[in-house]
Amino acid sequence: MNTTQINVEQEEKMVNDEFQSLLDAYLSTKHRKRVDIITKAFNFAKHAHKGVRRLSGEPYIMHPIAVAKIVCCEIGLGSTSICSALLHDVVEDTEYTVEDIENMFGPKIAQIVDGLTKISGGIFGEHASAQAENFKKLLLTMSDDIRVILIKIADRLHNMRTLGSQAVNKQYKIAGETLYLYAPLANRLGLNTIKTELEDLSFKFEHPEEYQAISQKLAATQEERDILFDDFAAPIRAELDSLGISYEIKQRVKSPYSIWRKMQTKHIPFEEIYDILAVRIIFEPEEIDTELNDCFNIYVKLSKIYTSHPDRTRDWVSHPKANGYQALHVTLMSKQGEWIEVQIRSRRMDDIAEKGFAAHWKYKDGEKTENASEMELDKWLATIKEILDDPQPDAMDFLDTIKLNLFASEIFVFTPKGELRTMPAGSTTLDFAFSIHTFVGSHCIGAKVNHKLVPINHKLNSGDQVEILTSKSVRPTREWLNIATTAKATTKILSILRKEEREARKKGEEILDEFFQKNDIVKDTLAIDKLCSVHGVAKSDALYVAIAEGKILLGREDIDALKEKAEVIGWKKLFSFGKKTKKQHKKAKETVGPDFDKKKLLSLTEDSVQNKYILCDYCKPIPGDTVMGYIDDDRHIVIHKLQCPTAERLKANRGNRVLGAKWEMNRTMLFPVSIYVKGFDKLGLLHKMTEVISHLHGVNIRKLEVECDDGIFECTIQMFVHDTKEVDEIINSLREIPDVKEATRI
């Protein structure tokens with residue numbers, strides 16, 4: 001027998017042993033014992049992936065088996081999900097089709113495999129539009145059958161566990177995507193253990209040094225935590241034994257990622273994090289109906305031993321979280337003078353905390369309380385469907401809105417009739433109004449919170465009783481988008497605003513058409529551009545809206561401007577949608593390149609910026625900034641700084657319209673720029689600053705605003721400069737002044 005044969009036999013044994021391990025795990029669950037169909041799915045997948053290997057070198061079939069084991073053991077799903085996990089890559093990676101799967105395994109497994117195939121690969125492509133489409137597919141399949149996303153999360157968990165075999169750039173992409181989407185999704189579905197592992201693995205690959213340092217410190221301090229836990233738990237055991245219940249008590253250590261996040265947000269070292277240790281009590285109630293009382297009976301026993309913190313009791317037993325989590329959290333003072341959190345749960349609550357909604361199926365028989373949690377899941381999925389029904393046209397806005405719905409820190413508020421409602425932490429009265437009904441939200445003028453009158457931007461707290469006040473004369477405005485924090489409210493406000501803007505544009509265009517006809521003026525792009533220029537608006541849409549709202553009243557000045565010989569602002573003539581001469585066509589092609597050729601590099605001189613292009617009003621680029629050009633809907637070229645938030649969206653979403661650009665520095669024109677300065681308020685300091693700017697650098701100050709409070713001053717200075725080099729020189733000179741602690745360009 002040669003070496004090749006031995007290796008083949010060893011691999012065959014390894015694969016079969018791994019599959020047998022999956023079967024043994026499945027047979028130990030309470031699910032129906034459908035071994036035949038699982039074995040059939042394994043053999044089919046094994047044959048389909050024959051000869052294919054993973055980057056690690058092992059046979060590919062080891063990956064579907066590993067995903068199926070996660071689905072079975074760590075999420076607690078049954079045979080349908082296990083079969084789907086074994087088959088999840090067959091349609092994407094082999095010549096078999098969904099129809100083949102349906103013929104062999106039935107419609108349900110085929111539907112789940114089809115859903116998994118649609119969301120295969122990365123959620124995020126190179127463009128935001130692709131991201132949004134993939135995200136929509138994921139959410140749509142999830143709302144059809146929750147098992148699709150549970151298996152997808154299992155697939156991602158195994159990929160993260162074996163990420164070391166990938167190239168470094170792939171590691172960054174997959175880890176970033178996992179932290180951005182999959183960990184919050186796992187959290188929202190109650191998969192706490194998987195959520196924590198996904199976060200830690202992402203952290204390990206994105207910040208390996210920090211992960212290693214925290215892991216080493218956790219290991220080094222483990223012994224002293226063990227001693228603290230033993231001392232803390234000993235009297236608790238004695239009290240619980242007197243209750244005569246079956247229980248276990250164990251310590252829970254904060255994850256490296258959670259520790260690192262706290263270090264970052266609080267700006268503190270590892271040594272100053274005092275809640276690394278927590279204690280968990282898991283008990284077996286004699287009957288399901290008594291578990292709530294048992295939680296509080298245990299709490300009473302604990303409070304006889306240790307003093308509890310009055311502000312740190314969290315009753316998730318009576319009011320479960322939206323992801324189904326139930327437990328009673330109390331914080332107790334140890335004999336060593338340290339606050340320690342104790343989580344009190346029944347075995348059922350613990351299963352649901354670790355395995356999420358899937359664990360409810362384990363307790364179906366005679367279970368009364370799983371319905372409330374399933375209703376919460378249904379509510380969440382209903383909100384997702386609502387957003388999918390009316391997605392924002394801007395792909396990045398869509399992603400941002402959906403992401404709002406993944407982070408599930410919650411508060412509890414009451415209606416005037418005492419009905420309990422769950423809201424995301426940070427919700428405003430406006431969010432609450434939209435959660436009741438779109439009509440209530442769109443006409444909200446304020447609220448009574450605990451019988452006191454508050455505005456629509458008032459932030460709600462747990463336990464508040466809220467009565468929404470409405471008026472038919474009130475309508476949503478763009479300012480409301482800065483007040484709304486929930487996905488539902490944001491989506492509804494945008495939908496109403498878009499509808500009103502469409503109606504206003506239509507009305508404004510009708511008024512303008514009538515004006516043109518009445519005064520015998522030809523309506524073309526040149527005429528519209530001329531009116532935009534006369535009234536200082538950027539686009540035709542803005543012109544129509546302003547006319548509809550009465551902000552622009554068309555009259556004799558407009559007629560005179562339109563009837564003048566077509567002296568149109570330089571380059572705008574090139575983009576007229578009317579007839580062009582051959583010379584104009586050639587010039588237009590030279591300006592933007594054939595078919596928006598991205599290789600064309602715009603050369604930005606002071607003259608071209610003044611006559612040919614539009615500078616972004618938000619980022620206000622100046623010579624020396626790294627910039628790009630963007631061809632907008634009206635064929636105008638807008639210049640943005642590369643890191644401008646608008647530019648970030650445009651690069652991701654409309655990359656085909658982006659042009660390279662560079663400045664030609666000849667220092668003949670001045671550009672507006674603003675500088676922010678902060679420091680200690682001292683007599684004569686402002687004089688020193690203006691001396692530096694005006695006398696040392698010869699720069700003209702346009703505007704200066706100063707505010708002082710408790711010996712600290714903040715100052716915004718607007719000035720005219722030639723380029724970024726001049727700005728940097730001024731900032732460096734300002735920083736050299738004693739008592740100036742911060743100077744930056746806005």
Is there a side-chain contact (heavy atoms from CB on, under 4.5 Å) between Ile456 and Phe432? Walk through the geometry before answering.
CA-CA 10 Å; Ile456 61 172; Phe432 185 76; over 6 Å; no
Set out, in order, the CA-CA distance, both residues' side-chain angles and the distance that settles side-chain contact (heavy atoms from CB on, under 4.5 Å) for Met719 and Ile675, then state yes or no.
CA-CA 8 Å; Met719 61 190 81; Ile675 290 177; 3.6 Å; yes
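- Across all their heavy atoms, Phe516 and Ala527 have their closest contact at CZ-CB, 4.2 Å.
- The shortest side-chain heavy-atom distance between Val413 and Asn461 does not fall under the 4.5 Å cut-off.
- Salt-bridge annotation for Glu500 and Arg502: absent, with no side-chain N of the basic residue lying under 4.0 Å from a carboxylate O of the acidic one.
- Residues Val148 and Leu116 come closest through the heavy atom pair O-CD2, 3.4 Å.
- For the pair Leu481/Arg478, a side-chain contact is recorded, criterion being any heavy-atom separation below 4.5 Å from C-beta on.
- Distance check: Thr438 OG1 to Lys492 NZ gives 4.0 Å after rounding to the nearest 0.5 Å.
- Taking 4.5 Å as the limit, every side-chain heavy atom of Arg505 sits out of range of all side-chain heavy atoms of Ile547.
- Annotation: the span from Thr485 atom OG1 to Asn457 atom CG amounts to 11.5 Å, rounded to 0.5 Å.
- In this structure, Lys620 and Val673 have side chains that are not in contact, with every pair of non-hydrogen atoms separated by 4.5 Å or more.
- Rounded to the nearest 0.5 Å, atoms NZ (Lys506) and CD (Glu509) are 10.0 Å apart.
- Here the side chains of Pro623 and Phe671 are in contact, with some heavy-atom distance below 4.5 Å.
- Ring-plane geometry between His437 and Phe439 is classed as perpendicular, the angle between the planes exceeding 60 degrees on a 0 to 90 degree scale with a lower cut at 30.
- Residues forming a side chain to side chain contact (heavy atoms under 4.5 Å, CB included) with Ser471 (at least two apart in sequence, or on another chain): Ile445, Ser473, Val474.
- Between Ser427 atom OG and Phe434 atom CZ the span is 13.0 Å, to the nearest 0.5 Å.
- Nearest heavy-atom pair across Gly629 and Ile639 is CA-CD1, 4.1 Å.
- Atom CZ of Arg702 sits in a sparse spot, with 12 or fewer heavy atoms from other residues, nucleotides or ligands closer than 6.0 Å.
- A donor-acceptor pair is defined here as one N or O able to donate and one able to accept, closer than 3.5 Å; such a pair exists between the side chain of Asp431 and the backbone of Thr486.
- When all heavy atoms of Thr429 and Leu460 are compared, the closest pair comes out as CG2-CD2, 3.8 Å.
- The CD atom of Glu514 sits 10.5 Å away from atom CG of Leu554, with the distance rounded to the nearest 0.5 Å.
- For the pair Ile637/Ile614, no side-chain contact is recorded, criterion being any heavy-atom separation below 4.5 Å from C-beta on.
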Please assess Leu430 against Trp480 for the test side-chain contact (heavy atoms from CB on, under 4.5 Å), listing each intermediate value before the final yes or no.
CA-CA 8 Å; Leu430 187 63; Trp480 282 25; 3.7 Å; yes
For side-chain contact (heavy atoms from CB on, under 4.5 Å), just list the numbers for His451 and Glu467, CA-CA rounded to whole Å, side-chain angles, deciding distance to a tenth of an Å, and then say yes or no.
CA-CA 8 Å; His451 309 293; Glu467 179 188 351; 5.9 Å; no
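- No donor-acceptor contact under 3.5 angstrom links the side chains of Ser674 and Arg745, judged on distance only.
- Distance alone, capped at 3.5 Å, places no donor-acceptor pair between the Asn187 side chain and the Ala183 backbone.
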Carefully, step by step, assess Glu705 and Lys703 under the rule salt bridge (Lys or Arg N to Asp or Glu O under 4.0 Å).
CA-CA 7 Å; Glu705 293 177 347; Lys703 188 178 179 182; 3.3 Å; yes
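- Contact of the Gln718 side chain with the Pro672 side chain is not registered, since no non-hydrogen atoms from C-beta on lie closer than 4.5 Å.
- Judged by distance alone, with hydrogens and angles left aside, the side-chain atoms of Gln465 form a donor-acceptor pair with the main-chain N or O of Pro416 at under 3.5 Å.
- Of all heavy-atom pairs between Ile528 and Ser540, the closest is CG2-CB, 3.6 Å.
- Between Ile151 and Ile153 there is no side-chain heavy-atom pair separated by less than 4.5 Å.
- In terms of heavy-atom proximity, Ala484 sits nearest to Thr490 at CB-OG1, 3.9 Å.
- Without hydrogens or angle criteria, Lys452 side chain to Val449 main chain gives no donor-acceptor distance under 3.5 Å.
- Put simply, CG on Asp723 and CD1 on Ile622 are 6.5 Å apart, with the number rounded to the nearest 0.5 Å.
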